[in-house]
2 protein chains.
Amino acid sequence: MEEKELEFICEEKHPHYQKINEVKCTEPDTEQIETLSNMFKLFADNTRLRIICSILNTELCVCDLCELLDLNQSTVSHQLQILRNAKLVKYRREGKQIYYSLQDEHIEQIIRNKFSTYFRRGG
Amino acid sequence: MEEKELEFICEEKHPHYQKINEVKCTEPDTEQIETLSNMFKLFADNTRLRIICSILNTELCVCDLCELLDLNQSTVSHQLQILRNAKLVKYRREGKQIYYSLQDEHIEQIIRNKFSTYFRRGG
DNA sequence: CTTTTATATGAATATATGTTCATATGTTAA
DNA sequence: TTAACATATGAACATATATTCATATAAAAG
């Protein structure tokens with residue numbers, strides 16, 4: 001069990017102090033929130049979403065993506081870097097070209113699990 | 001069946017023109033991408049996530065949220081407005097206070113469904 | 001070894017977004 | 001009706017993020 005350092009609100013300070021204190025106990029900590037919002041940020045951009053959708057079922061090289069999505073090569077590379085850092089995509093070199101594909105076979109599942117972990121509601 | 005206006009790539013223009021054209025057929029359109037990324041943006045912010053988590057199982061008024069999350073009243077109101085516009089939260093007035101709660105009982109489900117719709121991968 | 005092609009990356013810029021301040025609106029109590 | 005409190009909101013500001021340009025790196029071809 002993890003020990004949380006919580007500052008509970010007292011009655012004088014707030015009329016709903018009890019309810020607030022209860023919610024405080026179930027709050028995800030700063031790190032969890034940060035992790036979760038960072039994950040959502042990855043999907044919260046049109047360009048990245050389009051890239052992800054493009055390689056849902058196949059691998060593509062950078063210039064494929066540029067052509068397909070009608071984007072600047074630099075833009076694609078920068079966004080791929082973000083997806084790489086997040087370990088959302090993997091890549092392999094074949095000659096001069098670098099082929100990108102989804103790192104995990106089940107991005108969908110990953111997200112679902114994160115949701116279940118952090119957003120499970122009490123009965 | 002919807003008719004898509006696709007500009008297919010020709011052989012001269014790109015070596016992988018076939019693969020690209022195939023992917024082009026399964027791409028979500030601009031509107032779908034926009035909708036999806038907007039949805040992720042809602043969850044891609046620490047403050048909004050914390051607010052959402054706080055009202056997962058209970059309703060809270062604005063000053064409860066300010067106290068609980070140690071945030072400026074204006075900040076909370078602005079973020080609640082965003083969540084209201086997205087129909088993610090609902091509210092009711094009781095005297096001077098306004099109580100917020102989740103609009104839908106199953107945010108988790110909503111997201112999952114969106115995922116399933118847009119991110120389903122071919123076998 | 002030089003040139004060409006594919007990709008990556010730092011820096012500059014443009015844009016979007018979150019927070020704060022000041023103040024407006026709406027409700028209750030005096 | 002006025003004062004006090006809770007919340008909302010426009011404008012200013014600060015910050016984060018995406019895109020572009022210029023250029024570096026890396027591989028292949030000549």
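Order of the sequence lines sets the chain letters (A, B, ...), proteins ahead of strands, with each chain counted from 1.
For B:Arg84, counting side-chain heavy atoms from C-beta on, the closest listed nucleotide (C:dT9, C:dA6, D:dT9) is D:dT9. Proximity note for B:Ile82 (side chain, C-beta onward) versus C:dT7, D:dT7, C:dG18: the nearest is C:dG18. Distance from the side chain of A:Thr47 is smallest for D:dT19 among the nucleotides D:dT19, C:dT7, D:dA8.
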Pairs under 3.5 Å (N/O, protein and nucleotides 21-28 of chain C):
| residue | atom | partner | partner atom | Å |
| --- | --- | --- | --- | --- |
| C:dC21 | N4 | B:Ser74 | OG | 2.5 |

Show the distances under 3.5 angstrom between N or O atoms of the protein and N or O atoms of nucleotides 12-17 of chain D.
none

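Remark: P of C:dT20 and CD of B:Gln81 are 17 Å apart, rounded to the nearest angstrom. For the pair B:Asp64 CG and D:dC5 C1', the computed distance is 15 Å after rounding to whole Å. Between the OH atom of A:Tyr91 and the P atom of D:dA26 there is a distance of 12 Å, given to the nearest Å. Between B:Asn85 atom CG and C:dG18 atom C1' there is a gap of 15 Å when expressed in whole angstrom units. At whole-Å resolution of the value, CG in A:Leu80 and P in D:dT19 are 12 Å apart. Separating the CD atom of A:Glu67 from the P atom of C:dA6 is a distance of 12 Å, rounded to the nearest angstrom. Between the C1' atom of C:dG18 and the CG atom of B:Leu49 lies a distance of 14 Å, rounded to the nearest Å. Atoms CZ (A:Arg50) and C1' (D:dT19) sit 14 Å apart, rounded to a whole Å.
Residues B:Val89 and B:Ile82 fall within the same hydrophobic cluster, defined by Ile, Leu, Val, Met, Phe, Trp and Tyr side chains chained together at heavy-atom separations under 4.5 Å. Under the 4.5 Å side-chain heavy-atom criterion for Ile, Leu, Val, Met, Phe, Trp and Tyr, A:Tyr91 and A:Tyr99 are members of distinct hydrophobic clusters.
In this model, the phosphate group of D:dA26 is not approached by any side-chain N or O of A:Gln97 to a distance below 4.0 Å at OP1 or OP2. Checking the phosphate oxygens (OP1, OP2) of D:dA8, a side-chain nitrogen or oxygen of B:Tyr100 falls inside 4.0 Å.
Atom CG of B:Asp70 is surrounded by 12 or fewer heavy atoms from other residues, nucleotides or ligands within 6.0 Å.
Shown here for B:Leu60 and A:Lys19, the closest heavy-atom pair between the two residues is CD2-CD, 3.3 Å. Taking all atoms of both residues into account, the shortest heavy-atom contact from B:Leu42 to B:Ala86 is CD1-CB, 3.4 Å. Taking every heavy atom of both residues into account, B:Glu27 and A:Leu68 meet most closely at OE2-CG, 4.4 Å.
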Full working for side-chain contact (heavy atoms from CB on, under 4.5 Å) between B:Gln97 and A:His16:
CA-CA 12 Å; B:Gln97 295 173 316; A:His16 300 146; 3.8 Å; yes
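In this structure, a donor-acceptor pair under 3.5 Å is absent between the side chains of B:Glu34 and B:Thr30.
Take the nearest nucleotide of DNA chain D for B:Ser77 and for A:Leu71: the residue whose nucleotide is more 5' is B:Ser77.
Put simply, SG on B:Cys61 and CG on B:Asp64 are 3.5 Å apart, with the number rounded to the nearest 0.5 Å.
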